[in-house]
Visitor: 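One structure coming up, written as structure tokens, with questions to follow.
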Amino acid sequence: MEPFTEKVVRLLKAVPPGRIATYGQIARLAGSPRGARQVARILHSMSRSHGIPWQRIVNAKGEIAIADPDTARAQADLLEAEGIPVLGGKRVDLRTYRWDPGFEGEEETPGPGSL
DNA sequence: CGAATGACAATGT
DNA sequence: TACATTGCCATTC
């Protein structure tokens, strides 16, 4: 197992239930800020027969990036099962459910009302 | 080893 | 805000 892939898999398994993470965030934590696509490749490859919570991984827009409608809908169902409402059937509240490593207990977002 | 791919991200229009 | 284009970097052929 390559170190990058191993880190990514470990991070994916480190995402707590009821929370979601973006590819870019996982990639950054894995050591490659621009390796978001590799994270995607790893999910598509590893999630086949491994215990990886791939459903908690969405793109930077908070949308399900899966091409297969069936798989994408399956993820949406799993996310709702985790307690995460899927808006429009494919979008989630990144602002609210984004996993912040080290700041799990943190809450609230500054928002546009700060300026 | 070199070229192509990809469950993305960021920037520009 | 939404859509289109370019950049990216490990994995695969």
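Source: prediction; values computed, not measured. Every chain is numbered from 1 and lettered A, B, ... according to where its sequence line falls, protein lines coming before strand lines.
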Visitor: Tell me which donor-acceptor pairs under 3.5 Å the side chains of residues 20-40 of chain A have, and how far apart each pair is, sequence neighbours excluded?
Guide:
{"from": "A:T22", "atom 1": "OG1", "to": "A:Q25", "atom 2": "N", "distance (Å)": "3.2"}
{"from": "A:Q25", "atom 1": "OE1", "to": "A:R98", "atom 2": "NH1", "distance (Å)": "3.4"}
{"from": "A:Q25", "atom 1": "NE2", "to": "A:W99", "atom 2": "O", "distance (Å)": "3.2"}

Visitor: What residues from residues 80-91 of chain A pass a heavy-atom cutoff of under 4.0 Å to DNA chain B?
Guide: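 Per residue number, the list is empty: none.
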
Visitor: In whole Å, what is the span from the CE atom of A:M46 to the P atom of B:dG6?
Guide: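 In whole Å, B:dG6 P and A:M46 CE are 19 Å from each other.
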
Visitor: To the nearest angstrom, how far is A:Q38 atom CD from C:dT12 atom P?
Guide: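 Result: 11 Å.
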
Visitor: Please tabulate, one pair per line, all N/O donor-acceptor pairs under 3.5 Å involving side-chain atoms of residues 64-71 of chain A, not counting sequence neighbours.
Guide:
none

Visitor: Just so I know, are the side chains of A:V9 and A:I52 near enough to count as touching, which here means a heavy-atom distance under 4.5 Å?
Guide: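 Yes, their side chains come closer than 4.5 Å.
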
Visitor: Considering only heavy atoms from C-beta outward, does the side chain of A:Q55 approach that of A:D77 to under 4.5 Å?
Guide: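 Contact flag for A:Q55/A:D77 side chains = no.
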
Visitor: Determine whether A:I42 and A:F4 make a side-chain contact, defined as any pair of heavy atoms from C-beta on separated by less than 4.5 Å.
Guide: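 SC-SC contact between A:I42 and A:F4 confirmed.
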
Visitor: Once side-chain contact (heavy atoms from CB on, under 4.5 Å) is applied, do any residues pair with A:E63, and if so which ones, sequence neighbours excluded?
Guide: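 For A:E63 the side-chain contact (heavy atoms from CB on, under 4.5 Å) partners, ignoring immediate neighbours, are A:N59, A:K61, A:R91.
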
Visitor: Let me have a per-nucleotide readout for nucleotides 7-13 of chain B, 5' to 3', with B, S or -, counting only protein heavy atoms under 4.0 Å.
Guide: BBS----

Visitor: With sequence neighbours excluded, what pairs up with A:E82 under the salt bridge (Lys or Arg N to Asp or Glu O under 4.0 Å) test?
Guide: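 So A:E82 forms a salt bridge (Lys or Arg N to Asp or Glu O under 4.0 Å) with A:R56.
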
Visitor: Here's a test for you: under side-chain contact (heavy atoms from CB on, under 4.5 Å), which of A:D93, A:V92, A:L78 qualifies with A:V86?
Guide: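 Only one of A:D93, A:V92, A:L78 forms a side-chain contact (heavy atoms from CB on, under 4.5 Å) with A:V86, namely A:V92.
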
